[in-house]
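Reminder, nothing fancy here: chain letters follow the sequence lines and each chain counts from 1.
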Protein chains: 2
Amino acid sequence: MSKFTPLVACGNCPIRHNAVCAQCDSDELATLERLKSYKVYPAGARLSDAGMPLTHFSSIVEGCATMSKTLEDGRRQTVGLLLPSDFIGRPGRTTSAYDVESLTEVKLCRFERVEFERLVQTTPHIANRLLTMTLDELDAARDWSVVLGRLTAREKVAAFLVSLARRLASVQGKRNAGSGVMIHLPLSREAMADHLGLTLETTSRQVSALRRDGVIETSSNRDIRIPDFERLAIEAGEDDDGGLIV
Amino acid sequence: MSKFTPLVACGNCPIRHNAVCAQCDSDELATLERLKSYKVYPAGARLSDAGMPLTHFSSIVEGCATMSKTLEDGRRQTVGLLLPSDFIGRPGRTTSAYDVESLTEVKLCRFERVEFERLVQTTPHIANRLLTMTLDELDAARDWSVVLGRLTAREKVAAFLVSLARRLASVQGKRNAGSGVMIHLPLSREAMADHLGLTLETTSRQVSALRRDGVIETSSNRDIRIPDFERLAIEAGEDDDGGLIV
DNA sequence: CGAATACTTGAGAGGTGTCAACCGGAGTGG
DNA sequence: CCACTCCGGTTGACACCTCTCAAGTATTCG
């Protein structure tokens with residue numbers, strides 16, 4: 001199924017130093033190299049369904065996806081935004097707890113479930129890295145619950161932009177160009193709303209309000225420039241010393 | 001400081017099979033025995049402050065506490081309710097990310113930070129258990145974000161009671177007595193509100209509404225009987241097969 | 001160029017927050 | 001023993017924020 005997706009050598013992999021393999025030495029990388037396979041999904045694909053069996057664990061190599069849960073009546077909450085180097089799947093469980101959907105074309109580096117579970121057991125470098133990543137995600141999830149529980153709609157949108165800008169910068173290893181920060185939103189207004197616990201209309205209104213107030217500038221619906229990042233962070237309810245938010 | 005708190009042998013510890021030590025063999029327990037110390041806090045004490053150094057990792061042996069974050073303007077969000085066997089502290093970090101406050105008298109089983117970090121590195125049974133616990137907490141935090149982001153006030157209160165009843169039952173290893181489920185709330189209405197992203201008034205109103213509708217019965221502010229647990233679960237927005245919630 | 005989709009904006013409804021009064025039990029002191 | 005106070009909880013009235021429903025605009029893609 002992935003015959004047209006040539007494998008990249010782990011040493012040249014863009015997520016080499018951030019993914020679950022980050023601490024592996026060259027011997028361990030050789031093992032991973034032997035077990036891994038790539039799979040590419042187009043934008044808008046379902047990578048897994050809540051409650052369905054999960055045959056592989058994956059790292060996102062390129063692209064962007066969401067993890068979400070949908071209630072019977074259609075209300076949906078996104079519980080995680082997945083960017084390159086993020087891990088999909090939960091060792092010790094054979095089913096997916098959430099729906100995972102690609103926002104852009106996504107390239108996964110996958111390992112068969114049983115083989116990866118064995119690797120976790122036998123490779124401290126992997127188990128350790130997995131623990132660190134899980135702890136980081138736990139902190140991020142808890143920080144996000146402050147956003148969901150206590151921020152206003154305007155603050156939520158600002159907090160999302162702050163968080164996304166930081167994560168994109170860290171993924172792309174980057175710039176704080178003098179002329180402000182530019183980000184491209186991989187999400188629709190509806191997907192943002194599902195992440196923020198808002199409706200898409202309220203989300204759109206708050207984006208417009210932030211633009212009107214000069215906190216952000218937009219060249220298209222998805223392209224945003226933040227002239228004064230500090231100001232946006234304040235709009236997001238962060239205390240002066242950057243206390244809150246991922 | 002804890003000279004009046006006699007150590008319980010790990011083998012007789014009430015959280016022996018659920019805490020971070022759950023997978024340890026007797027040799028490993030002997031090591032823990034040598035390194036551990038107990039500390040008891042009264043109700044309403046601050047076990048740690050967000051941003052402050054954390055000298056020990058702890059497991060809750062008895063009692064109940066909250067982890068929360070407070071914004072500059074006083075808005076507070078509780079990001080975790082800690083019950084016996086829950087772990088406090090984050091390996092790899094020397095400061096606390098959250099305020100931790102005891103709701104009842106709390107007895108902690110503590111390990112000095114550096115010593116515990118070394119244990120994690122050298123004892124796969126501990127590292128493994130820590131990973132499993134962290135993954136469980138991550139799932140719980142993500143599930144809770146659905147509550148915060150998408151449920152109504154009434155559903156939030158119901159979801160909290162469902163979640164608390166399940167956790168208390170698992171802690172106390174217990175009963176589903178024919179005559180419904182009884183739970184004692186360790187939290188004030190204000191603490192519940194902070195956990196649910198509501199005001200205390202709205203929380204109180206929804207508790208009253210659930211009582212008025214016969215979903216719960218109360219013998220005091222803190223003592224609640226749930227005559228039909230399934231009905232409460234439906235009020236909490238769970239789908240029929242118990243899809244949602246921790 | 002036309003259709004579909006995404007986004008924006010408006011008007012009104014409804015749910016939750018705010019502010020305030022009141023209730024009831026526990027502890028205290030006369 | 002009773003009055004008083006304190007504190008947590010309850011309830012009411014109203015304001016405000018976000019949602020809902022709807023129309024209209026922009027963008028993308030065939």
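Backbone-only contact: T152(A) has heavy atoms under 4.0 Å from sugar-phosphate atoms and none from a base.
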Could you go over nucleotides 6-10 of chain C and give all protein N or O partners under 3.5 Å, atom names and distances?
residue : atom : partner : partner atom : Å
dC7(C)  : OP1  : R222(A) : NE           : 3.2
dC7(C)  : OP2  : R189(A) : N            : 3.1
dC7(C)  : O3'  : N221(A) : OD1          : 3.3
dT8(C)  : OP1  : R189(A) : NH2          : 3.2
dT8(C)  : OP2  : R189(A) : NE           : 2.7
dT8(C)  : OP2  : S204(A) : OG           : 2.5
dT8(C)  : O5'  : S204(A) : OG           : 3.1
dT9(C)  : OP2  : S208(A) : OG           : 2.6
dG10(C) : N7   : R205(A) : NH1          : 2.8
dG10(C) : O6   : R205(A) : NH2          : 3.2

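Computed from coordinates, the L148(A) CG to dT16(C) C1' distance equals 17 Å when rounded to whole Å. When the C1' atom of dG15(C) is taken as reference, atom CG of L151(B) falls 14 Å away, rounded to whole Å. When the P atom of dG9(D) is taken as reference, atom CG of L210(B) falls 16 Å away, rounded to whole Å.
In this structure, the helix from dC1(C)-dG30(D) to dG30(C)-dC1(D) shows an angle of 30° between the axis at its start and the axis at its end, each fitted on 5 base pairs and rounded to 10°.
For T134(A) (side chain) and T134(B) (main-chain N/O), no donor-acceptor pair under 3.5 Å exists by modelled atom type.
With sequence neighbours left out, the ring-ring contact (aromatic ring centres under 6.0 Å, His included) criterion links Y41(A) to no other residue. Checked against side-chain contact (heavy atoms from CB on, under 4.5 Å), M133(B) has the following partners two or more places apart in sequence or in another chain: V20(B), F87(B), R129(B). Considering only residues two or more places apart in sequence or on other chains, S220(A) meets the side-chain contact (heavy atoms from CB on, under 4.5 Å) condition with R222(A), D223(A). By the salt bridge (Lys or Arg N to Asp or Glu O under 4.0 Å) test, E201(A) pairs with no residue at all, sequence neighbours left out. Every residue meeting the side-chain contact (heavy atoms from CB on, under 4.5 Å) condition with V215(A), not counting sequence neighbours, appears here in chain and number order: R154(A), L210(A), D213(A), R231(A), L232(A), E235(A).
Identified under the salt bridge (Lys or Arg N to Asp or Glu O under 4.0 Å) test for residues 73-90 of chain A, with sequence neighbours left out: D73(A)-R75(A), R75(A)-E155(B), R76(A)-E101(A), R76(A)-D194(A), D86(A)-R167(A), R90(A)-D136(B), R90(A)-D139(B).
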Under 3.5 Å, which donor-acceptor pairs link side chains of residues 50-60 of chain B to any protein atom two or more places apart or in another chain?
none

